[in-house]
Trainee: 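Dropping the structure in here first, questions after.
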Amino acid sequence: MEQSAPPYRRIVDEIRRRIGTGELTPGDRVPSTRRITQEWGVAMATATKVLTTLRQEGLVRAVPGVGTVVAEPQPQPQSQPQPQRAAHSGLPRERRPRETDSGLSRESVVRAGLKIADAEGLRALSMRRVAAEFGVSSMALYRHVANKDELVVLMADAAFRDIELPDPAPDGWRARMEAGARLQWELYQRHPWLAHYLSITRPQPMPRAMALIEWTMARVTGLDPVALIHMAVTLLNYVRATAAGFEDDLEAEQETGMDQNQWMASMEPVFEGILTSGSYPMYGGIAGHDEDVVTLTSLFEFGLARLLDGMAALVERRAADSGGVS
């Protein structure tokens with residue numbers, strides 16, 4: 001008699017069915033480990049195995065600060081005709097393809113760097129690692145970028161270039177600042193290393209990033225330039241500092257082999273003991289809530305609203321002092 005599938009496999013099949021039928025679409029969160037234990041009545045270890053299996057099959061991916069979501073479907077590689085090998089025709093050496101003919105350009109090197117840093121973090125980036133993407137030596141890259149430092153600056157500026165500003169743009173100053181903050185937040189999710197890289201004490205020359213900040217502040221009136229800069233940098237630094245958790249989570253996953261859900265599951269007995277001890281009433285108050293009640297996203301949303309509330313008080317006070325309307 002054929003044995004029934006193990007519990008984790010049945011759950012994997014069900015979530016795969018939901019993805020296949022469109023009940024769960026790319027970007028949607030899949031059930032977390034805790035939800036799996038509640039919905040199917042299995043142990044936490046089984047729930048963790050479910051998400052691990054789905055990740056290994058390429059159906060889901062971990063998004064730092066968000067959770068495990070349905071992955072974008074990967075296009076099937078099309079077979080390409082193999083180039084004919086040239087017969088030994090006795091061509092002079094100078095007419096044979098050189099290493100610099102391997103699709104290298106300043107733009108392609110920058111894009112290769114982005115691909116590596118986005119997937120593995122900035123610490124994984126090196127000139128040798130980028131060169132390996134093209135099958136060339138590191139020296140071939142120096143014809144296009146001076147060094148790793150210049151490469152990373154170019155990568156950061158290229159990342160900001162991909163931002164699409166809303167059209168039409170919000171008219172009110174608060175709506176415009178909120179929109180600019182959200183554009184940054186989404187950018188850091190696509191490029192988790194970028195928030196750590198940016199600096200407010202030693203700012204890098206990145207015109208596209210500066211253009212976004214100018215756009216963000218364009219509707220604030222009645223304040224002097226020094227106050228505007230302070231508002232702009234405070235907003236930038238809030239979003240950047242909160243989003244730094246994206247790369248922290250990415251690197252922790254690579255070091256431990258566990259995504260955020262798996263790590264939290266492994267720590268659950270320890271945290272449960274702390275929360276139920278009675279010594280930490282504020283922390284204990286969240287016991288019984290969903291595990292995603294406090295996330296990077298919820299912290300971003302809460303802090304952004306409070307920050308803009310404070311800036312509203314400043315703008316309104318300055319407007320009242322000047323007798324104008326902001």
Side-chain angles (χ1 to χ4, degrees), residues 27 63-66 72 105-125 127 129-130 133 141 144-170 173-220 225 228-251 296-297 300-301 303-304 307-308:
V63 177
V66 177
E72 293 285 347
S105 67
R106 191 177 181 88
E107 179 70 17
S108 66
V109 170
V110 170
R111 287 297 170 187
L114 280 169
K115 176 183 175 182
I116 294 167
D118 290 349
E120 304 174 35
L122 200 57
R123 287 194 298 185
L125 184 74
M127 298 298 278
R129 179 73 173 79
V130 175
E133 294 289 310
L141 302 184
H144 305 280
V145 293
N147 48 44
K148 179 183 173 180
D149 289 341
E150 182 187 44
L151 172 59
V152 180
V153 171
L154 292 171
M155 288 164 49
D157 199 44
F160 277 94
R161 180 179 61 195
D162 291 339
I163 288 180
E164 294 185 8
L165 298 176
D167 185 17
W173 72 265
R174 177 167 179 151
R176 177 73 75 96
M177 286 187 68
E178 180 177 347
R182 293 189 184 283
L183 289 171
Q184 293 177 55
W185 182 253
E186 293 165 2
L187 180 69
Y188 299 142
Q189 287 182 293
R190 295 194 297 271
H191 307 286
W193 56 273
L194 185 56
H196 263 301
Y197 173 70
L198 296 177
S199 172
I200 62 168
T201 57
R202 300 189 179 189
Q204 302 87 340
M206 293 186 296
R208 295 184 180 98
M210 295 171 68
L212 172 61
I213 304 306
E214 286 280 355
W215 180 90
T216 300
M217 303 302 297
R219 288 293 181 266
V220 183
L228 284 175
I229 286 291
H230 277 80
M231 286 179 65
V233 175
T234 298
L235 181 66
L236 167 67
N237 200 43
Y238 166 71
V239 182
R240 183 189 68 87
T242 308
F246 291 136
E247 187 177 38
D248 291 340
D249 199 40
L250 175 63
E251 292 183 347
L296 276 181
T297 299
F300 167 73
E301 295 290 349
L304 177 62
L307 186 63
L308 293 176

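Since the structure is predicted, the reported quantities are computational estimates derived from the model, not experimental observations.
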Trainee: With sequence neighbours excluded, tell me which residues meet salt bridge (charged side-chain N to carboxylate O under 4.0 Å, His left out) with R111.
Mentor: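 Per chain and number, R111 pairs via salt bridge (charged side-chain N to carboxylate O under 4.0 Å, His left out) with E107, D162.
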Trainee: May I ask you to test the M177-M231 pair for a side-chain heavy-atom distance under 4.5 Å?
Mentor: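 Yes; the side chains approach each other to less than 4.5 Å.
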Trainee: Could you work out, with side-chain contact (heavy atoms from CB on, under 4.5 Å) as the rule, every residue matching A179, not counting sequence neighbours?
Mentor: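 Result, side-chain contact (heavy atoms from CB on, under 4.5 Å) vs A179: P170, W215.
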Trainee: Shortest non-hydrogen contact from D118 to P192?
Mentor: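 Residues D118 and P192, closest heavy atoms: O-CD, 4.0 Å.
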Trainee: Among residues at least two apart in sequence or on other chains, which ones pass side-chain contact (heavy atoms from CB on, under 4.5 Å) with D167?
Mentor: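 Once residues adjacent in sequence are excluded, D167 has no partner under the side-chain contact (heavy atoms from CB on, under 4.5 Å) criterion.
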Trainee: Taking side-chain hydrogen bond (donor to acceptor under 3.5 Å, both in side chains) as the definition, give me every residue that meets it alongside R174, ordered by chain and number, with sequence neighbours left out.
Mentor: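 Listed in chain order: D309.
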Trainee: Got a sec, which residues hit side-chain hydrogen bond (donor to acceptor under 3.5 Å, both in side chains) with S108, two or more places apart in sequence or on another chain?
Mentor: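 Here the qualifying residues are S105.
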Trainee: Considering only heavy atoms from C-beta outward, does the side chain of L194 approach that of L122 to under 4.5 Å?
Mentor: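 Side-chain contact under 4.5 Å: no.
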Trainee: I'd like to check L183 versus F160 (side-chain heavy atoms, cut-off strictly below 4.5 Å). Are they in contact?
Mentor: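 Heavy-atom side-chain distance check fails, nothing below 4.5 Å.
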Trainee: Looking at E150, I'd like to know if its CD atom is crowded, meaning that more than 12 non-hydrogen atoms belonging to other residues, nucleotides or ligands lie closer than 6.0 Å.
Mentor: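 Correct, the count exceeds 12.
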Trainee: Got more than 12 heavy atoms from elsewhere within 6.0 Å of CG, L165?
Mentor: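 Yes, CG of L165 has more than 12 neighbouring heavy atoms, counting only those of other groups under 6.0 Å.
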Trainee: Just jot down the ring pair (Phe, Tyr, Trp, His ring centres under 6.0 Å) partners of W185, sequence neighbours excluded, or say none.
Mentor: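 W185 satisfies ring pair (Phe, Tyr, Trp, His ring centres under 6.0 Å) with F246, F300 only.
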Trainee: Does anything in residues 175-200 form a salt bridge (charged side-chain N to carboxylate O under 4.0 Å, His left out)? List the pairs, not counting sequence neighbours.
Mentor: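 Those involving residues 175-200 are E178-R182, R182-E301.
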Trainee: Can you confirm whether V145 sits close enough to M127 that some side-chain heavy atom of one is under 4.5 Å from a side-chain heavy atom of the other?
Mentor: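 Sidechains of M127 and V145: in contact.
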Trainee: Which atom pairs, one a donor and one an acceptor, fall under 3.5 Å between side chains of residues 199-212 and the rest of the protein, sequence neighbours left out?
Mentor:
{"unit_1": "S199", "atom_1": "OG", "unit_2": "T201", "atom_2": "N", "d": "3.2"}
{"unit_1": "S199", "atom_1": "OG", "unit_2": "T201", "atom_2": "OG1", "d": "3.2"}
{"unit_1": "S199", "atom_1": "OG", "unit_2": "R202", "atom_2": "N", "d": "2.9"}
{"unit_1": "Q204", "atom_1": "NE2", "unit_2": "Y197", "atom_2": "O", "d": "3.1"}
{"unit_1": "R208", "atom_1": "NH1", "unit_2": "D157", "atom_2": "OD2", "d": "2.6"}

Trainee: Looking only at heavy atoms, which two atoms of I116 and A124 are closest? And how far apart?
Mentor: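 Between these two residues, the closest heavy atoms are CG2-O, 4.2 Å.
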Trainee: Under the side-chain hydrogen bond (donor to acceptor under 3.5 Å, both in side chains) test, which residues partner E133, sequence neighbours left out?
Mentor: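 Checked E133 against side-chain hydrogen bond (donor to acceptor under 3.5 Å, both in side chains); matches are R129.
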